[in-house]
**Student:** 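Below are the structure tokens for one structure; questions will follow.
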Amino acid sequence: MLLSKYFLPILKEDPKEAEIVSHRLMLRAGMIRQQTAGIYSWLPLGLRVLENVARIVREEQNRAGALELLMPTIQSADLWRESGRYDDYGKEMLRIEDRHERELLFGPTNEEMITDIFRNTVRSYRDLPLNLYHIQWKFRDEVRPRFGVMRGREFLMKDAYSFDVDAESARHAYNRMFVAYLRTFKRLGLTAIPMRADTGPIGGDLSHEFIILAETGESQVFCDQDLLTLDLPGDDTDFAADLSGVVSNWTTPYAATEEMHDADAFAALPEARQVSARGIEVGHIFYFGAKYSEPMKARVTGPDGVERPVHMGSYGVGVSRLLGALIEASHDEAGIIWPDSVAPFNVGLINLKPGDVATDEIAAGIVARLESAGLSVLYDDTDQRAGAKFATMDLIGLPWQLIVGPKGAAKGEVEIKRRATGERETLGIDAAVNRLVHETA
RNA sequence: CGGGGCAUAGCGCAGCCUGGUAGCGCAUCUGCUUUGGGAGCAGAGGGUCGCAGGUUCGAAUCCUGCUGCCCCGACCA
């Protein structure tokens, strides 16, 4: 992608409305623009990251056996009356009326709708277990939206819903999502800690929040230091197998959010292992049994011929919120530092002297080779000064910068810089290309 | 929803107290110079001063009402 043809409206100055670093940097880097309180447009650079995050979430859901579908953003109030949540949900739910004066709402979540889909189609235990998910925009009319996409009113969320014949099987479904989440956050370059959590308005009796530790986190959290270094489930994880061992490894050490905190249990840890920090919730999983299937009559016939409410769980990941969390966890004074897995482009190529035959030719050749190797490249072919180009690349946080200048060009050399560490290295053209292809693979 | 603050050019701000028809920096456009860490000089364009009333010869400025946004708290994926 040529920067001269791209839409990257960066800001040199901090917008005054943005208080925390991720919000500031997303605005400055031209990723988002606010439309109204808690509602954002996603500009090309931000959208690329959002899609990368969604892609990883999707791949890990699929790997864990969940099936993707897509439910609408607008729902009928009638469904919510069946579960009793139409009145319970309160002012957070955005209520809408259509031209026929029918009551609709902009969905804050989809338990009722998925339960409706399930009850209309599934009758037998033979069709279970089933886990359906979608990645869709949600709306919660927060009293006070803030922190950019970290607490927006409109937000992109992955929510999965599991259906099982009995509690034991439902527990297995829960464990699969638990493990899928550990893998997902790891692939995103984050350390997420599962913590026992309050179930809130979703309800249920088994629940974990996945929390990223960051100074700007919204809630106080407590955990055992050991959790920060535990092994994560690998690519060879068999999701059909019993995962209770992995889950137990991750749930035995102490970890809780403030609402669930047990000060005595925490104090019993050796002092060196007591981690008290701020956390950002990026995922939340629940098992809630028959809370929705009972009132909404989602029943299956078991092997014994008896009809019973299906056991359900739901599993959310805040996809748009994750972008804020990623930046909170990975940035410096100069800007964002994207993990390789979600970066909007793998490489930022800077031509220090566009119009110079030698640098133009070398840069064009490098773009072609990197792109044919499957890397994405943002090629700064503009006639800005060197300093401005470096500052822009640092701000938008691409993992690698490749610099082509007239002096190096004369010797067949270019420079590569790793954004995260600032390390620079001067290499021959082939060596530089091979290095980036190899490192990004 | 309680408390506080802000609204003037695309962005960041001054002007308001003490009314006289709008200014600075960055950005944008033109020209010349410059060219490895957000360049310099010269020039240019860009504003219903959030909206609606009121006071006044005259309102960005004073008064009233409204709207939007931000911060703290309570609440929350």
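Chain naming here is simple, since letters A, B, ... match the order of the sequence lines and numbering starts at 1 in each. Since the structure is predicted, the reported quantities are computational estimates derived from the model, not experimental observations.
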**Student:** Just to be sure I understand the rule, does Gly422(A) reach a base, reach only the sugar-phosphate, or reach nothing, if contact means heavy atoms closer than 4.0 Å?
**Tutor:** nothing

**Student:** Using atom P in both nucleotides, what's the gap between rU30(B) and rC70(B) to the nearest angstrom?
**Tutor:** 36 Å

**Student:** Heavy atoms only, 4.0 Å cut-off, all strands: where does Asp14(A) land among base, sugar-phosphate and nothing?
**Tutor:** sugar-phosphate

**Student:** Nearest to the side chain of Arg146(A), heavy atoms from C-beta on, is which of rG73(B), rG36(B), rA77(B)?
**Tutor:** rG73(B)

**Student:** Classify the nucleic acid contact of Gly405(A) as base, sugar-phosphate or nothing, counting any heavy atom under 4.0 Å across all strands shown.
**Tutor:** base

**Student:** So that I can tick it off, tell me whether Lys417(A) and Glu423(A) are bridged by a salt bridge, with the cut-off set at under 4.0 angstrom between side-chain N and carboxylate O.
**Tutor:** no

**Student:** Please determine whether a side-chain nitrogen or oxygen atom of Lys389(A) lies at a distance below 4.0 Å from atom OP1 or OP2 of rG36(B).
**Tutor:** no

**Student:** Taking the P atom of each, how far is rG12(B) from rG73(B), in whole Å?
**Tutor:** 24 Å

**Student:** From rA77(B), rC13(B), rC71(B), pick the nucleotide closest to the side chain of Arg144(A)?
**Tutor:** rC71(B)

**Student:** Taking the side chain of Ala388(A) as its heavy atoms from C-beta onward, which of rC70(B), rG36(B), rG38(B) lies nearest to it?
**Tutor:** rG38(B)

**Student:** Between rC11(B) atom C1' and Leu25(A) atom CG, what is the distance in whole Å?
**Tutor:** 16 Å

**Student:** Could you let me know what rC6(B) is paired to, Watson-Crick or G-U wobble, both distances under 3.5 Å, or none if it's on its own?
**Tutor:** rG68(B)

**Student:** Using a cut-off of 4.0 Å on non-hydrogen atoms, how would the nucleic acid contact of Ile20(A) be classed: base, sugar-phosphate, or nothing?
**Tutor:** nothing

**Student:** Can you tell me the base-pairing partner of rA77(B)? Count Watson-Crick or G-U wobble geometry only, both distances below 3.5 Å, and say none if there is no partner.
**Tutor:** none

**Student:** Enumerate the residue pairs fulfilling side chain to side chain donor-acceptor pair (under 3.5 Å) with a member in residues 252-265 of chain A, sequence neighbours excluded, ordered by first and then second residue.
**Tutor:** Tyr254(A)-His261(A), Thr257(A)-Glu259(A)

**Student:** Is any side-chain nitrogen or oxygen of Arg385(A) closer than 4.0 Å to OP1 or OP2 of rA39(B)?
**Tutor:** yes

**Student:** Would you kindly check if the NZ (Lys) or CZ (Arg) of Arg95(A) is within the cone defined by 45 degrees around the ring axis of Tyr86(A) and under 6.0 Å from the six-membered ring centre?
**Tutor:** yes

**Student:** Taking the P atom of each, how far is rC49(B) from rU61(B), in whole Å?
**Tutor:** 9 Å

**Student:** Does Gln384(A) get its side chain close enough to the base of rG38(B), under 3.5 Å, for a donor-acceptor pair?
**Tutor:** no

**Student:** When the P atoms of rA27(B) and rA39(B) are compared, how many Å lie between them, rounded to an integer?
**Tutor:** 8 Å

**Student:** Under 3.5 Å, is there a donor on one side chain and an acceptor on the other for Ser162(A) and Tyr315(A)?
**Tutor:** yes

**Student:** Which nucleotide in the set rA77(B), rC11(B), rA39(B) lies at the smallest distance from any side-chain heavy atom of Glu13(A)?
**Tutor:** rC11(B)

**Student:** Would you mind telling me which residue lines up with the more 5' stretch of RNA chain B, Leu156(A) or Lys417(A), judged by nearest nucleotide?
**Tutor:** Lys417(A)

**Student:** Choosing from rA77(B), rG36(B), rC71(B), which nucleotide comes nearest the side chain of Phe390(A)?
**Tutor:** rG36(B)

**Student:** Taking atom P in both rU21(B) and rC16(B), compute the distance separating them and give it to the nearest angstrom.
**Tutor:** 14 Å

**Student:** With ring-ring contact (aromatic ring centres under 6.0 Å, His included) as the test, pick out the partner of Phe178(A) among Phe286(A), Phe210(A), Phe239(A).
**Tutor:** Phe210(A)

**Student:** Mind calculating the distance between CD1 (Ile403(A)) and P (rG36(B)) to the nearest angstrom?
**Tutor:** 13 Å

**Student:** In whole Å, I'd like the distance from the CG atom of Leu395(A) to the C1' atom of rC11(B).
**Tutor:** 14 Å

**Student:** Roughly how far apart, to the nearest Å, are rA14(B) and rA9(B) at atom P?
**Tutor:** 12 Å

**Student:** Quick one: which of rG36(B), rC6(B), rC26(B) gets closest to the side chain of Lys16(A)?
**Tutor:** rC6(B)

**Student:** Base, sugar-phosphate, or nothing for Ala391(A), non-hydrogen atoms under 4.0 angstrom?
**Tutor:** base

**Student:** Quote, to the nearest angstrom, the P distance that separates rG68(B) from rC29(B).
**Tutor:** 36 Å

**Student:** Which nucleotide in the set rC1(B), rC72(B), rG36(B) lies at the smallest distance from any side-chain heavy atom of Val143(A)?
**Tutor:** rC1(B)

**Student:** If I take atom CD in residue Glu218(A) and atom P in nucleotide rC72(B), what distance separates them, rounded to the nearest angstrom?
**Tutor:** 10 Å

**Student:** Starting at atom CE of Met177(A), determine the distance to atom C1' of rA77(B), rounded to an integer number of angstrom.
**Tutor:** 17 Å

**Student:** Spell out, as yes or no, whether a donor-acceptor pair under 3.5 Å connects the side chain of Gln61(A) to the backbone of Ala66(A).
**Tutor:** no

**Student:** Write down the distance between CD (Gln401(A)) and P (rG38(B)), rounded to a whole number of angstrom.
**Tutor:** 14 Å

**Student:** Mark yes when over 12 heavy atoms from residues, nucleotides or ligands other than Asn434(A) sit less than 6.0 Å from its CG; otherwise mark no.
**Tutor:** yes

**Student:** Using a strict threshold of under 4.0 Å (side-chain N to carboxylate O), is an ion pair present between Arg187(A) and Glu59(A)?
**Tutor:** yes

**Student:** Between Arg321(A) and Thr36(A), which residue's closest nucleotide on RNA chain B lies nearer the 5′ terminus?
**Tutor:** Thr36(A)

**Student:** In whole angstrom, give me the gap between the C1' atoms of rU64(B) and rA59(B).
**Tutor:** 15 Å

**Student:** Send over the distance from Gln34(A) CD to rG10(B) P, rounded to a whole Å.
**Tutor:** 17 Å

**Student:** Please state whether the base of rG38(B) and the side chain of Thr392(A) form at least one donor-acceptor pair under 3.5 Å?
**Tutor:** yes

**Student:** Paired with rU28(B) by Watson-Crick or G-U wobble geometry, both distances under 3.5 Å: which nucleotide is it?
**Tutor:** rA44(B)

**Student:** Rounded to whole angstroms, how far apart are CZ on Arg33(A) and P on rC69(B)?
**Tutor:** 17 Å

**Student:** Base, sugar-phosphate alone, or nothing: which one does Leu352(A) contact when heavy atoms must sit under 4.0 Å apart?
**Tutor:** base

**Student:** Under a 3.5 Å limit for both distances, which nucleotide forms a Watson-Crick or G-U wobble pair with rA39(B), could you say?
**Tutor:** rU33(B)

